[in-house]
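Everything numeric in this text was worked out from a predicted model, so none of it was measured. Within every chain, numbering begins at 1; the chains are lettered A, B, ... in the order of the sequence lines, protein sequences first and strands thereafter.
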Amino acid sequence: MHRYRSHTCGALRETDIGKDVRLSGWCHRIRDHGGVLFIDLRDHYGLTQVVCDPDSKAFKQAEQLRSEWVIRIDGKVRKRPEGTENADLPTGQIEVYVSEIEVLSAAGELPMPVFGDQEYPEEIRLKYRFLDLRREKLHNNIMLRGRVIDSIRKRMKDGGFFEFQTPILTASSPEGARDYLVPSRIHPGKFYALPQAPQQFKQLIMVAGFDRYFQIAPCFRDEDARADRSPGEFYQLDLEMSFVTQQDVFDAVEPVIRGVFEEFGEGKKVTPKFPMIPYAEAMSKYGSDKPDLRNPVVMQDVSPAFKESGFKIFARILETPGNAVWAIPAKGGGNRAFCDRMNSWAQGEGQPGLGYIFWREGEEGGAGPLAKNIGPERTKQIADQMGLGVGDAVFFVAGKPKDFVKFAGLARTRVGEELNMIAQDRFDLCWIVDFPMFEWNEEEKKIDFSHNPFSMPNMPVEDFLKLDPSDNDKLLAIKAFQYDIVCNGVELSSGAIRNHRPDVMKKAFAIAGYPETVLEEKFGGMLHAFELGAPPHGGIAPGIDRIVMLLAGEQNLREVVLFPMNQKAEDLMMGAPAEVTPKQLKELSIRLDLPKK
RNA sequence: GGGGGCGUAGCUCAGUUGGUUAGAGCGCUGCCCUGUCACGGCAGAGGCCGCGGGUUCGAGUCCCGUCGCUCCCGCCA
């Protein structure tokens, strides 16, 4: 017989009754009745009830066992007595009557139990991650993650993509997030950087003629964490394709993403064909470039109803060209309690308040101070435009859309949540397209890249090269071949058709106010590659952690990462980051200059 | 860097308008228990009420500061 086990803890069935078996695992739960004693023995594969009584020579030893001890047992499989079967367990028809116990590893008092599903503080969970990982939910999440990645790999390879590895120690990239730096011993005073994404490498792989690249790529960014943003490191399905249009990228990626959501979505409905929503439309309808389409609330511009109206605050705001009033409809929110709740929420968000009109029985003309101010005709105009009636409400935000759009988006989400309008049984996916190429930098009073400098402008190259760098209105209207995938309000990925032409790149940098020397300094390697025969190419990089988070139904990335860091980018289990020895620093020619407390 | 929430036993939490000796469940220790699967019963150990200061006859409770955790904003091409 094998040293540790003849079967796993999930394997035994009625067909095994009578067999002498050997099992190893953790003591999940021990129920000691004095005369008879049960041990739920657990391993990766399942749970088997092990039973012991005073007739067994292992009884004395069994009484000494405690939770999470690792043991090996020998015993005989037998049918459970009539009426004591456990239908909740695959092994619930049988039990193993133990004849011998070997303690492989004892355990002290646990800082948190493995048994049960009580919540525990992050700090303890992270410090004792290996215990947390023994628990069913996290164990399943991590296994789900592995299966999702397997599936993605298979789908990508079936789609003609080939997997590559790119360097982890590379050069600092000047744009974007803060880099993690690694000092060079051989070159005192110089540093490597961990890649924020293999962006330039994957483009160079295209220049090298490999045609279709993908990688489950680790990405490192030294930025502050969020629930859906791991500090330090995360993984992307990074991919790039040559000789493609934007539509070709969509056609390659959409089936992979949809397929994964369908395969692991446990019956939740997945968008059959991702709609393409222009950035501007997403902002005006949903107040966000990552709209949750499960929320049916759609905003509209209702400026005409307030222009020169009796509601002086809005009327005055609308005197400034470019200003607007947007309406956020709330079907079923037609009562004062709800409207007041929204209003005080808005004040908590730092807003002066949230104007509203609501309609209820007996006041079909609309209730609330705004309705009185603008009169029945304009109120009806709004009701008609928004398709609202008795039992409904509508909220208003006014001013410069650029300034209020973010708050409007939050209010839309809030309305959807408060009125339980957000469908829970769906994955609603879409493409956000036509991102602006440039944006106005108010602080520096200049034109800037709005995303990354590598996207191709969505206009004929000849026209782009002829652009007047001082024609701000025209420049700010230019769209880029830049796109996102959004699922249930979570930004899953971002991609672009790349700018592979040195002349276009030089022009784009000139428009953003950078002299050619800057381009040369920062992206010289890639620029020179493009001067030696570069195919048109483009790609995208869906976030693996976020996909798994959505599929696992979790609200936090830490629930789908094996060994995550806390919000402050500390690994509480391994104790990272940590101080290093003076010798190590000296070798690296580094002297510390720590901030005073 | 800023804002919100939380901080009481190893863990999850309760703790009245400030008022005797700070409680419960889980876990832990001991004893009892032969069919449980959240086993049950009895007894026990375990507390700088995050830390510092203040108000008060009296502070877990009120005030100020500080630290830690967490969520958010900034940041994230």
Side-chain angles (χ1 to χ4, degrees), chain A residues 28-42 47-56 59 63 66-68 78-89 91-92 95 97 107-128 131-132 173-179 195-197 199-200 219-232 234 345 348-350 406-407 410 435 437-439 448-455 480 482 491 494-496 498-499 508 512 522-523 541 543 555-556 558 566-568 570 572 595 597:
Chain A
H28 188 61
R29 195 79 176 151
I30 297 162
R31 294 175 295 279
D32 185 350
H33 291 239
V36 63
L37 182 151
F38 301 99
I39 303 161
D40 289 336
L41 198 64
R42 183 196 75 237
L47 214 62
T48 297
Q49 174 163 286
V50 172
V51 62
C52 193
D53 64 27
D55 296 336
S56 166
F59 187 69
E63 287 183 305
R66 291 292 176 269
S67 282
E68 295 308 305
R78 67 186 196 190
K79 189 169 169 50
R80 290 197 187 190
E82 190 78 29
T84 65
E85 302 89 350
N86 187 342
D88 296 333
L89 291 178
T91 60
E95 63 191 10
Y97 182 76
E109 189 175 344
L110 301 164
M112 58 179 273
V114 173
F115 172 81
D117 51 7
Q118 200 178 307
E119 305 246 8
Y120 289 88
E122 287 276 355
E123 207 174 348
I124 290 174
R125 294 183 55 198
L126 291 174
K127 184 166 180 187
Y128 299 97
L131 286 182
D132 204 11
S173 97
E175 298 288 322
R178 221 172 280 121
D179 285 314
Q196 296 182 21
Q199 180 65 34
Q200 295 191 60
C219 304
F220 306 89
R221 294 177 193 177
D222 185 5
E223 295 296 339
D224 290 338
R226 291 289 182 277
D228 64 352
R229 202 166 85 207
S230 295
F234 60 96
W345 164 80
E349 292 288 308
K406 186 162 188 175
F407 169 70
L410 288 176
F435 279 85
M437 179 88 184
F438 299 105
E439 66 185 13
D448 238 334
F449 289 111
S450 81
H451 279 78
N452 71 56
F454 308 118
S455 303
Q482 164 98 36
E491 182 189 316
S494 195
R498 319 298 174 187
N499 185 344
K522 293 181 170 181
F523 306 108
Q555 302 294 317
N556 195 301
R558 288 191 289 266
N566 68 6
Q567 190 170 340
K568 283 192 187 151
E570 297 166 315
L572 297 176
K597 287 218 169 159

**Q** For A:Pro111 and A:Ser494, take the nucleotide of RNA chain B holding the closest heavy atom to each; which residue's nucleotide lies nearer the 5' end?
**A** A:Pro111
**Q** Taking the minimum atom-to-atom distance to the side chain of A:Gln49, which one of B:G74, B:C37, B:C69 wins?
**A** B:C37
**Q** Quickly work out the A:Glu223 CD to B:G74 C1' distance and round it to whole Å.
**A** 10 Å
**Q** Using Watson-Crick or G-U wobble geometry with both distances under 3.5 Å, which nucleotide pairs with B:C39?
**A** none
**Q** Contact class for A:Glu85 (heavy atom, under 4.0 Å): base, sugar-phosphate, or nothing?
**A** base
**Q** Touch check for A:Glu123, heavy atoms < 4.0 angstrom, all strands: base, sugar-phosphate only, or nothing?
**A** sugar-phosphate
**Q** Ignoring backbone atoms, test whether A:Arg226 places a side-chain nitrogen or oxygen under 4.0 Å from the OP1 or OP2 oxygen of B:C73.
**A** yes
**Q** Nearest to the A:Gln567 side chain among B:U70, B:C28, B:C76, which nucleotide is it?
**A** B:U70
**Q** Touch check for A:Asp228, heavy atoms < 4.0 angstrom, all strands: base, sugar-phosphate only, or nothing?
**A** nothing
**Q** Looking for any heavy atom pair under 4.0 Å, which part of the strands does A:Tyr120 touch: base, sugar-phosphate only, or nothing?
**A** sugar-phosphate
**Q** Pick the C1' atom in B:U12 and in B:U17, then give their distance to the nearest Å.
**A** 28 Å
**Q** Base, sugar-phosphate or nothing for A:Leu89? Non-hydrogen atoms, less than 4.0 Å.
**A** nothing
**Q** What is the nucleic acid contact for A:Asp32, judged by heavy atoms within less than 4.0 Å: base, sugar-phosphate only, or nothing?
**A** base
**Q** Within the 4.0 Å heavy-atom criterion, would you say A:Arg125 contacts the bases, only the backbone, or no part of the nucleic acid?
**A** nothing
**Q** Using a 4.0 Å heavy-atom cut-off, does A:Arg29 contact any base of the nucleic acid, only the sugar-phosphate backbone, or nothing at all?
**A** sugar-phosphate
**Q** Answer yes or no for this row: A:His33 ring on B:C33 base, centroids under 5.5 Å, planes under 30°.
**A** no
**Q** Quick one: label A:Glu122 by what it contacts on the DNA or RNA (base, sugar-phosphate, nothing), any heavy atom closer than 4.0 Å.
**A** sugar-phosphate
**Q** Contact class for A:Pro113 (heavy atom, under 4.0 Å): base, sugar-phosphate, or nothing?
**A** nothing
**Q** Select base, sugar-phosphate, or nothing to describe what A:Arg42 touches, counting heavy atoms under 4.0 Å on all strands.
**A** nothing
**Q** If you apply the rule side-chain contact (heavy atoms from CB on, under 4.5 Å), what do you find for A:Arg498 with A:Gln199, and how did you get there?
**A** CA-CA 10 Å; A:Arg498 319 298 174 187; A:Gln199 180 65 34; 3.4 Å; yes
**Q** Between A:Arg66 and B:G27, is there a contact of a side-chain N or O with OP1 or OP2 at under 4.0 Å?
**A** no
**Q** With a 4.0 Å cut-off on heavy atoms, is A:Lys406 in touch with a base, just the backbone sugar-phosphate, or nothing at all?
**A** sugar-phosphate
**Q** May I ask you to say what A:Glu439 touches in the nucleic acid, namely base, sugar-phosphate or nothing, with a heavy-atom cut-off under 4.0 Å?
**A** nothing
**Q** To the nearest Å, how far apart are A:Arg178 CZ and B:C76 C1'?
**A** 9 Å
**Q** Under 4.0 Å between a side-chain N or O of A:Arg31 and OP1 or OP2 of B:U36?
**A** no
**Q** Would you indicate whether the side-chain heavy atoms of A:Glu109 and A:Glu68 approach each other to under 4.5 Å?
**A** no
